[in-house]
Protein chains: 2
Amino acid sequence: MPSMPSSERVTSGLAALAALLADETRARFCLALLDGRAWTAGELARHAGVAPSTASAHIDRLVEGGLLAAERQGRHRYVRLADAQVAHLIEDLAAHAAPGHGRPDRPRTLRAASAAGALARGRTCYDHLAGRLGIAVTEAMTERGLLRQDTGFALTDAGLRWFAGLGAPLAPSGRRPLARGCLDWTERRPHLAGIAGAALCHHALEAEWCERIGSTRAVQVTPEGERALTELLGVPAAALR
Amino acid sequence: MPSMPSSERVTSGLAALAALLADETRARFCLALLDGRAWTAGELARHAGVAPSTASAHIDRLVEGGLLAAERQGRHRYVRLADAQVAHLIEDLAAHAAPGHGRPDRPRTLRAASAAGALARGRTCYDHLAGRLGIAVTEAMTERGLLRQDTGFALTDAGLRWFAGLGAPLAPSGRRPLARGCLDWTERRPHLAGIAGAALCHHALEAEWCERIGSTRAVQVTPEGERALTELLGVPAAALR
DNA sequence: CCCACGTTACGGTCGCGGCCGAAGAGTCCG
DNA sequence: CGGACTCTTCGGCCGCGACCGTAACGTGGG
């Protein structure tokens, strides 16, 4: 007879996992890494405003705990989130921690304002699209009957065909669901994540429907992308700017 | 222009939330409360093996942080998880913390073995069914075309009708999704959660398809429930024992 | 009315863990 | 081969927070 993992083990596992994120510096690391890219240890240290030695120790703990994956290249140590499941976990926690409580605060400088505006307009969230762009696409897919959100969150058969027609057929892979809702921080509504979300984002960048602004996680829609999204999904052009 | 919540705020919110669960005693509280019932402060203290004063302070912090809801009744203070979203969060974290890492350990005593067996067989998970029972029902619904798991996780129209026919029509309510997958600790596969999962569990207890064993979260299927589940969903009777 | 029990408030102890700086190991470049 | 750079290791400092015991508080029962 299969036995459950003992309750002590679950308890300490939960506490240990939470402890990893309970430190401001490590939390900042994880949120930064939510952009899906790999950062070097030094970049993370500067980003969080701590000494390199401190950052190094934190990274060790996060890797040890299975949240991060590290890879050495020359004199750099590249670090990224371990997998999509971890990204999902952090998103969920952040979404629960952030919202409602206290209204969004006004950016202090013009520079900050335009950066925040760009992020609110469109950005990547780990490996899929978020912000107004992500929501607009998700809503359009729902209205066209490609996605079903009323009874859960799943692609329809038409949705599967749509992806195939796009040249990005979806293959079920391991544990990761084909479609998942990911709560959008700025829009407070779910956008498309999972394998389909990743495929769509990948395709959008590949086909130059949108492009990264500088090296940030913010993205903007190209004129070509605007045409494609309007034509393929009926996304109102206004929602993309 | 709407601005994002500042990154500092999100960071400290995330760290603060994680810190609540980063303590073994508080983690134990939350896991105990996952049974969906309300516990008194004293019960939690004894359960975790700490002094009442310690438990009280922990409860304060958890309530303050929005994870728990407390309610005074006479000289008792009843405490439960704040809402389904919090329950979901804790489940997700526990599921990520527990599994794979280290195989399940053997129960030491006969008593522990039979308790673990009962929990593995069937139990409640917050407000829905879990364990082999929960999985069997979820799988049966999927095979009957009431639930779609291949492209995400959502009820089908047939599924909606099935619930209506059961006398438990599902009404969309607030933010909570109608159907959601909840990763089962023992079975490592998703079982039905969300509004539908809660409705099904409620109905199952109401119609005495199953009943709680003592005052634990473990449930067992009644002969009547066995008939009903086999007839309505084609659940193999063997999966219910 | 008083006692028992569950709960809360306070003060004090103790250990864990985050932080830095300085020195060392490894890598790339001129 | 030496200098610049990145990252890691080590030692030591400091503060936060988990814990308990004690004492007060409130409720419900006898």
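So you know, we letter chains A, B, ... as the sequences are listed, proteins then strands, and number each from 1.
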Inset, instruction - Mark yes or no for a side-chain to base donor-acceptor pair under 3.5 Å between A/Ser53 and C/dG21, with no hydrogen or angle criteria applied. - result: yes
Legend entry - Salt bridge flag under 4.0 Å for residues A/Glu43 and A/Arg37: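 Looking at A/Arg37 together with A/Glu43, the answer is no, because their closest N to O distance does not fall below 4.0 Å.
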What's the [atom1]-[atom2] distance between [X] and [N], to the nearest Å?
X: B/Glu43; N: C/dT7; atom1: CD; atom2: P; result: 8 Å
X: A/Ile59; N: C/dC19; atom1: CD1; atom2: C1'; result: 15 Å
X: A/Asp23; N: D/dG15; atom1: CG; atom2: P; result: 17 Å
X: B/Arg46; N: C/dT7; atom1: CZ; atom2: P; result: 8 Å
X: A/Leu44; N: D/dC7; atom1: CG; atom2: P; result: 9 Å
X: B/Phe29; N: D/dA18; atom1: CZ; atom2: C1'; result: 12 Å
X: B/Leu21; N: D/dA18; atom1: CG; atom2: C1'; result: 16 Å
X: A/Glu24; N: C/dG17; atom1: CD; atom2: P; result: 18 Å

Inset, instruction - Can you label the angle between the B/His203 ring and the B/Trp209 ring as parallel, tilted or perpendicular, going by 30° and 60°? - result: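 B/His203 and B/Trp209: perpendicular rings.
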Inset, instruction - Indicate the ring-plane relationship of A/His128 and A/His191, choosing parallel, tilted or perpendicular according to the 30° and 60° boundaries. - result: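 Rings of A/His128 and A/His191: tilted, 30 to 60°.
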Legend entry - A/Arg123 and A/Thr186 side chains, donor-acceptor separation under 3.5 Å: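 Side chains of A/Thr186 and A/Arg123: pair found under 3.5 Å.
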Legend entry - Whichever of A/Pro52 and A/Arg75 has its nearest DNA chain C nucleotide further upstream toward 5': A/Pro52
Inset, instruction - Would you mind telling me which residue lines up with the more 5' stretch of DNA chain C, A/Thr25 or B/Asp60, judged by nearest nucleotide? - result: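 Closer to the 5' end of DNA chain C: B/Asp60.
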Indicate whether OP1 or OP2 belonging to [N] is found under 4.0 Å from a side-chain N or O atom of [X].
X: B/Thr54; N: D/dC20; value: yes
X: A/His76; N: D/dC7; value: yes
X: A/Arg72; N: D/dT8; value: yes
X: B/Arg61; N: D/dG17; value: no
X: A/Arg77; N: D/dT8; value: yes
X: B/Arg26; N: D/dA18; value: yes

Legend entry - B/Ala41 side-chain proximity, nearest of D/dC19, C/dT7, C/dC20: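 Of D/dC19, C/dT7, C/dC20, C/dT7 is nearest to the side chain of B/Ala41.
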Legend entry - Residue B/His58, side-chain heavy atoms: nucleotide from D/dA18, D/dT8, D/dC19 that is nearest: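 The nucleotide sitting nearest to the side chain is D/dC19.
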Legend entry - Option among B/His47, B/Arg46, B/Arg80 that satisfies the side chain to side chain contact (heavy atoms under 4.5 Å, CB included) test with B/Trp39: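 Considering B/His47, B/Arg46, B/Arg80, a side chain to side chain contact (heavy atoms under 4.5 Å, CB included) with B/Trp39 is found only for B/His47.
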